[in-house]
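Accompanying notes for the structure given below.
Below, all heavy atoms of this structure are taken into account, side chains as well, without hydrogens, waters or symmetry copies.
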Amino acid sequence: MTNDAGTSSAAILDVEQLVVTYGTRTAVDGVTFQVKRGEIFGLLGPNGAGKTSTLSAIEGLLKPHAGTVRVDDIDIQHDPIEAKTHLGVQLQASSFQSELTIEEIARLYAGLYGLRITKNGIADRIRDVGLGDELGKRYKSLSGGQQQRLSLLIAVIHQPALLLLDEPTSGLDPQSRRQLWTRIENLRTGGGSILLTTHSMEEAQAVCDRVAIIDHGKLITVDTPAGLIATHRDDPRVVNVARGEVTLEDVFIGLTGSEIRG
Ligand SMILES: Nc1ncnc2c1ncn2[C@@H]1O[C@H](COP(=O)(O)OP(=O)(O)OP(=O)(O)O)[C@@H](O)[C@H]1O
Ligand SMILES: [Mg+2]
C-alpha cells in the first residue's frame with residue numbers, strides 16, 4: 001500500500017491518542033504507538049490495563065471515543081471494510097459455530113474473504129496447524145488448544161499484512177506454544193507484522209522486537225526488551241523486585257507495581 005507521495009510508510013499500524021470508554025469508565029486513555037512493517041510488537045500490561053480494548057478499537061469492533069487508527073495507511077474509521085482486509089484477528093475468546101467441522105469452518109471463512117482456494121488447499125492449511133487428523137471433527141468437540149490453533153488458522157487465512165493476537169499462548173501446552181512462536185516468526189519472515197498481547201514476560205523478551213507497557217489505560221514505555229532492561233535496571237523499583245540479573249518481568253513489575261488488579 002502506498003500513500004499520496006507514492007511511498008509506503010514504515011508503520012503498518014499507527015495508533016494516535018486512542019481513547020476507549022465504556023460509559024463513564026476510561027479503559028484506554030490517550031495511547032499512541034506504531035508497529036513497524038515486519039515487526040513482532042508486544043502489548044504488555046496487568047489485567048484490566050486496556051490491552052483488549054486497544055485491540056478491539058484497532059479491529060473496529062468498538063468505536064473509539066477519540067483518536068485515530070491507521071492500518072497499512074488506511075484510516076479504520078474512514079474506510080473500515082478496506083482496512084479490515086489488511087487485518088487478521090485472533091480474539092482472546094473466539095468461538096465458531098459449534099456444529100460445524102474444522103474443514104467447514106475453514107471453507108466458510110475462506111469464502112467470506114473471497115479466496116480462491118481448493119479443497120486440497122484448505123486441507124493443507126489445516127494440516128499446517130497440526131489439525132490434519134481432525135478435519136471432520138466438529139468445533140464443539142475440539143480441545144481448547146485445538147480451538148486456539150483453528151482460530152489462528154482463520155486469522156491468517158487471507159494472508160493479512162498485520163496480525164493481531166490477544167493472548168495467543170494462554171492455555172497452550174509447551175509444544176503448541178513453541179510451534180505457535182515458530183509460526184509467528186515464520187509469518188514475520190514472510191513479510192507479515194504481528195501485534196500481540198501476552199502475560200508471559202519470558203516469551204515477550206524472547207520473541208518480540210519491541211514491547212509497550214500499558215497500565216491504567218496509559219502507555220508507560222515502548223522499546224526493545226533489551227532497551228527497556230538497560231534503561232530501567234537501576235530504577236529502585238526494579239532493583240527491589242529483581243532476583244539476580246534483571247529481566248523484562250522485573251522491569252514490568254517494577255514499573256506497574258506488585259499489587260494484583262481487581
Ligand atoms: N465491555 C465492557 N464494559 C465495561 N467495561 C469494560 C468492558 N470491557 C473492558 N472493560 C473494562 O475496561 C478496562 C480494560 O479492560 P481490558 O479488557 O481492555 O483489559 P486487558 O488489559 O485486556 O486485561 P486482561 O489482561 O485481563 O485481558 C477494565 O477496567 C475492564 O473492566
Ligand atoms: Mg484482555
Side-chain angles (χ1 to χ4, degrees), residues 12 40-43 51-52 55-56 58-62 71-72 80-200 203 207-208:
I12 186 74
I40 300 179
F41 188 99
L43 196 54
K51 303 179 298 298
T52 298
L55 293 191
S56 301
I58 296 168
E59 289 150 15
L61 288 178
L62 56 79
V71 177
D72 218 350
I81 294 172
E82 175 63 16
K84 276 180 197 165
T85 64
H86 296 242
L87 274 182
V89 177
Q90 186 187 31
L91 299 174
Q92 193 165 1
S94 42
S95 116
F96 295 101
Q97 296 84 337
S98 63
E99 295 299 328
L100 295 185
T101 65
I102 292 192
E103 192 181 9
E104 287 166 343
I105 292 169
R107 279 173 46 198
L108 172 68
Y109 279 84
L112 288 176
Y113 283 113
L115 300 181
R116 289 164 195 268
I117 188 164
T118 62
K119 202 172 153 72
N120 284 341
I122 294 270
D124 285 344
R125 299 280 189 97
I126 295 172
R127 234 170 266 127
D128 283 347
V129 294
L131 293 172
D133 294 337
E134 332 286 334
L135 271 177
K137 249 193 181 172
R138 291 185 201 284
Y139 182 73
K140 65 177 181 192
S141 57
L142 299 178
S143 77
Q146 290 171 335
Q147 291 182 357
Q148 192 110 342
R149 277 183 270 157
L150 176 63
S151 70
L152 181 69
L153 167 71
I154 299 303
V156 299
I157 205 157
H158 56 304
Q159 298 178 304
L162 175 66
L163 177 62
L164 306 181
L165 303 169
D166 201 356
E167 296 191 31
T169 55
S170 73
L172 293 187
D173 65 23
Q175 289 87 344
S176 307
R177 213 172 254 248
R178 278 287 168 89
Q179 273 188 23
L180 178 69
W181 285 122
T182 307
R183 241 172 249 132
I184 291 173
E185 284 173 334
N186 288 344
L187 283 168
R188 175 181 51 184
T189 310
S193 314
I194 295 105
L195 169 62
L196 57 87
T197 73
T198 178
H199 287 298
S200 168
E203 289 178 347
V207 182
C208 293

Heavy-atom distance under 4.5 Å between the side chains of [X] and [Y], does that happen here?
X	Y	result
Glu134	Leu150	no
Tyr139	Gln97	no
Leu61	Val89	no
Leu163	Val156	yes
Val207	Thr198	no

If you compare all heavy atoms of [X] against all heavy atoms of [Y], which two are closest, and at what distance to 0.1 Å?
X	Y	value
Cys208	Phe41	SG-C, 4.3 Å
Glu203	Arg177	OE2-NH1, 2.8 Å
Ile194	Ile184	CD1-O, 3.6 Å
Glu59	Lys84	O-CE, 3.2 Å
Ala155	Pro160	O-CG, 3.6 Å

Restricting to side chain to side chain contact (heavy atoms under 4.5 Å, CB included), what partner residues turn up for Arg183, sequence neighbours left out?
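For Arg183 the side chain to side chain contact (heavy atoms under 4.5 Å, CB included) partners, ignoring immediate neighbours, are Val129, Arg149, Leu152, Gln179.
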Would you give the length of the straight line joining atom [atom1] of [X] to atom [atom2] of [Y], rounded to the nearest 0.5 angstrom?
X	Y	atom1	atom2	result
Leu172	Trp181	CG	CH2	10.0 Å
Leu55	Leu196	CG	CG	9.0 Å
Ile122	Ile117	CD1	CD1	4.5 Å
Gln159	Thr85	CD	OG1	13.0 Å
Ser141	Glu99	OG	CD	9.5 Å
Leu43	Glu167	CG	CD	10.5 Å

Hey, what's the ring geometry for Tyr113 with His158, parallel, tilted or perpendicular (30° and 60° as the breaks)?
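Rings of Tyr113 and His158: parallel, under 30°.
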Keeping Arg125 on the side-chain end and Ile157 on the backbone end, is there a donor-acceptor pair under 3.5 Å?
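Side chain of Arg125 to backbone of Ile157: a pair is present.
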Heavy-atom donor-acceptor pair, Gln90 side chain to Gln148 backbone, under 3.5 Å:
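A pair under 3.5 Å: yes.
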Name every donor-acceptor pair, under 3.5 Å, that has one atom in a side chain of residues 101-110 and the other anywhere in the protein, sequence neighbours excluded.
{"from": "Thr101", "atom 1": "OG1", "to": "Glu104", "atom 2": "N", "distance (Å)": "3.1"}
{"from": "Thr101", "atom 1": "OG1", "to": "Glu104", "atom 2": "OE1", "distance (Å)": "3.4"}
{"from": "Glu103", "atom 1": "OE2", "to": "Lys119", "atom 2": "NZ", "distance (Å)": "3.2"}
{"from": "Glu104", "atom 1": "OE1", "to": "Thr101", "atom 2": "N", "distance (Å)": "2.9"}

Test of understanding: with salt bridge (Lys or Arg N to Asp or Glu O under 4.0 Å), list the residues that count as partners of Arg127, not counting sequence neighbours.
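Partners of Arg127 under the salt bridge (Lys or Arg N to Asp or Glu O under 4.0 Å) test: Asp124.
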Candidate pair Thr197 and Thr52, rule side-chain contact (heavy atoms from CB on, under 4.5 Å), full reasoning:
CA-CA 8 Å; Thr197 73; Thr52 298; 5.8 Å; no
